[in-house]
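All values derive from a computational prediction rather than experimental measurement.
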Amino acid sequence: MPLAIVVFAGLLSGCRSPVPFRGRPGPDAPVAGLGAPVPYVRPAHSPPVVDQRGDLPDAPPDVYAATQAGMLSPAVRGLPRRVYVPDARGRAVEVIDPATYRVLRRIPVGRAPQQVVPSWDLKTLWVTSPSGLVPINPRTGTAGRTVPVAAPSDLYFSVDGREALLLDSRRGRIDVRDPHTMRHRRTLRMPCAGLTSADFSATGDTLVAGCARSGRLVRVDLRRHRAAGTLTLAHDADPQDVRLSPDGRTFYVADAARGGVWLVDAARFRKSGFIRTGRGAHGLYPSRDASVLYVTNRGARTVSLISFARHRVTGRWRVPVSPDMGGVSPTGRVLWLSAEADDAVYALSTRTGRPLRRIAVGPGPHGLCVHPQPGRFSLGHTGNYR
């Protein structure tokens with residue numbers, strides 16, 4: 001039976017991942033032999049990003065089919081498994097060994113690093129900072145020369161890997177750059193400011209980003225390189241992380257002000273629901289079997305579990321301190337979270353929700369990145385893979 005059919009059936013039935021865990025059980029055991037990545041095939045275009053009537057074509061059955069447990073790309077073969085933590089109030093990125101929970105080294109990258117973003121080809125880690133973008137070689141653990149950029153807020157890569165999309169929150173624009181050299185190509189002016197996080201449609205033609213200052217979302221037509229409309233969530237909304245559902249039909253949008261997650265119809269760009277999770281809803285991370293969405297609630301000090309199939313909260317974990325940003329381990333057994341107020345990183349068991357370990361790090365840990373992760377390529381942020 002084709003993999004896509006198996007995954008779709010699993011989503012409907014609430015089953016676990018079609019790629020089983022093998023070997024000795026453990027919090028984060030190596031999983032290099034669990035599966036193979038699905039070859040990249042350039043997708044067909046999405047429906048035009050305009051209001052339209054009539055039936056729309058079905059979305060792919062699972063946009064995360066290539067990010068199941070252990071499905072590591074050949075591009076990261078032999079790459080050491082690490083957790084990278086930028087010290088937002090410091091000047092370094094700290095490197096943690098997930099097997100021993102120990103800080104191995106600190107990589108100097110300049111003042112106030114914010115996020116660690118894997119490149120599309122998985123070979124480089126880009127650190128966003130007030131002075132620009134700093135490349136890190138994950139094989140050697142060394143930083144390269146900074147690419148001067150004025151205060152980037154987030155970094156993404158087009159599905160085909162041909163463009164880097166740099167969000168400029170302060171000036172309300174998206175800079176299109178070369179994905180390897182980061183040389184500027186063009187600027188896309190957005191109709192709203194305060195750009196936060198974003199995600200792509202199932203076929204990659206559309207980007208949806210949050211506008212924190214206006215409580216809106218903006219939809220960007222990447223074929224025509226222009227904004228294609230906005231959607232007001234609420235007058236007092238504060239959109240944060242954005243993540244597409246496995247079936248490609250719904251964008252989930254964390255709202256820190258409303259304490260929950262908005263559901264937005266991906267094809268028609270309309271609100272379709274709201275799920276209350278807790279004060280300060282911030283980060284969104286799909287589980288390895290793409291059945292659950294982990295939501296970090298900074299104000300409530302919790303992690304909520306939303307069922308993609310049921311569109312509701314099915315569990316809630318209490319965290320000792322306010323959880324910020326994070327990522328899921330390659331096995332899917334551990335959820336790594338930064339705790340900016342505690343100057344620490346927490347490893348949570350995805351089976352029980354209990355903390356496995358607290359690791360003290362530098363001041364203000366923020367955009368944590370687990371690398372490598374399963375997937376054919378990275379779409380950016382701190383670990384959005386497909």
Taking side-chain hydrogen bond (donor to acceptor under 3.5 Å, both in side chains) as the test, write out the residues that go with Asp168, two or more places apart. Arg171
Side chain proximity check, [X] to [Y], heavy atoms < 4.5 angstrom:
| X | Y | answer |
| --- | --- | --- |
| Leu337 | Leu368 | no |
| Val218 | Leu195 | yes |
| Thr350 | Val292 | no |
| Arg376 | Ser73 | no |
| Leu104 | Arg82 | yes |
| Arg298 | Asp324 | yes |
| Leu379 | Val159 | yes |
| Leu166 | Leu133 | yes |

Atom [atom1] of [X] and atom [atom2] of [Y]: how far apart are they, to the nearest 0.5 Å?
| X | Y | atom1 | atom2 | value |
| --- | --- | --- | --- | --- |
| Asp265 | Thr250 | CG | OG1 | 6.5 Å |
| Thr124 | Arg139 | OG1 | CZ | 11.0 Å |
| Gln115 | Ser338 | CD | OG | 10.0 Å |
| Arg213 | Ser169 | CZ | OG | 5.0 Å |
| Thr232 | Leu217 | OG1 | CG | 9.0 Å |
| Arg177 | Met182 | CZ | CE | 8.0 Å |

So with a 6.0 Å cut-off around [atom1] of [X], is the heavy-atom count from everything else above 12?
| X | atom1 | value |
| --- | --- | --- |
| Arg111 | CZ | no |
| Arg351 | CZ | no |
| Lys123 | NZ | no |

Residues Arg386, Leu244; criterion side chain to side chain contact (heavy atoms under 4.5 Å, CB included); working and verdict: CA-CA 11 Å; Arg386 291 194 189 172; Leu244 186 65; 3.5 Å; yes
With no hydrogens and no angle check, is any side-chain donor or acceptor of [X] less than 3.5 Å from a backbone partner on [Y]?
| X | Y | answer |
| --- | --- | --- |
| Arg288 | Ser329 | yes |
| His371 | Leu122 | yes |
| Asp343 | Val361 | no |
| Ser272 | Leu263 | yes |
| Asp255 | Asp238 | yes |
| Asp241 | Leu284 | yes |
| Thr196 | Pro239 | yes |
| Ser158 | Glu163 | yes |

Intermediate values then yes/no, side chain to side chain contact (heavy atoms under 4.5 Å, CB included), Arg358 and Asp342: CA-CA 10 Å; Arg358 174 190 181 276; Asp342 192 36; 3.0 Å; yes
Test side-chain hydrogen bond (donor to acceptor under 3.5 Å, both in side chains) applied to Ser214 and Arg216, step by step: CA-CA 5 Å; Ser214 60; Arg216 292 186 290 171; 3.2 Å; yes
Thr181 and Arg183: side chain donor to acceptor below 3.5 Å: no
Side chains of Thr302 and Asn297: donor-acceptor distance under 3.5 Å anywhere? yes
If you group Ile, Leu, Val, Met, Phe, Trp and Tyr by side-chain heavy-atom gaps below 4.5 Å, do [X] and [Y] land in one group?
| X | Y | answer |
| --- | --- | --- |
| Phe274 | Val242 | yes |
| Val149 | Val134 | no |
| Val103 | Tyr84 | no |
| Leu167 | Phe200 | yes |
| Leu155 | Trp120 | yes |

Shortest non-hydrogen separation from [X] to [Y] and the atoms involved:
| X | Y | result |
| --- | --- | --- |
| Pro152 | Ser129 | CD-O, 3.2 Å |
| Val328 | Tyr285 | CG2-CB, 4.3 Å |
| Pro374 | Tyr385 | O-CB, 3.5 Å |
| Pro320 | Tyr346 | CG-CE2, 3.9 Å |
| Arg318 | Arg301 | CD-O, 3.6 Å |
| Pro113 | Gly90 | CD-O, 3.5 Å |

With sequence neighbours excluded, residues passing ring pair (Phe, Tyr, Trp, His ring centres under 6.0 Å) with Tyr294: Trp317
N-O pairing of Asp87 and Arg106 below 4.0 Å: no
Considering only NZ, NE, NH1 and NH2 on the basic side and carboxylate oxygens on the acidic side, decide whether Arg173 and Asp175 come within less than 4.0 Å. yes
Mind checking whether Phe308 and Tyr252 have parallel, tilted or perpendicular rings, split at 30° and 60°? perpendicular
Using the rule given for side chain to side chain contact (heavy atoms under 4.5 Å, CB included), can you reason through Met71 versus Tyr64, listing the C-alpha separation, both sets of side-chain angles and the distance that settles it, and then say yes or no? CA-CA 11 Å; Met71 300 176 74; Tyr64 303 120; over 6 Å; no
Among Leu125, Val370, Thr382, which one satisfies side chain to side chain contact (heavy atoms under 4.5 Å, CB included) with Pro118? Leu125
Start with the C-alpha distance between Tyr156 and Ile174, add both sets of side-chain angles, then the distance that settles side chain to side chain contact (heavy atoms under 4.5 Å, CB included), and finish with yes or no. CA-CA 10 Å; Tyr156 293 86; Ile174 297 176; over 6 Å; no
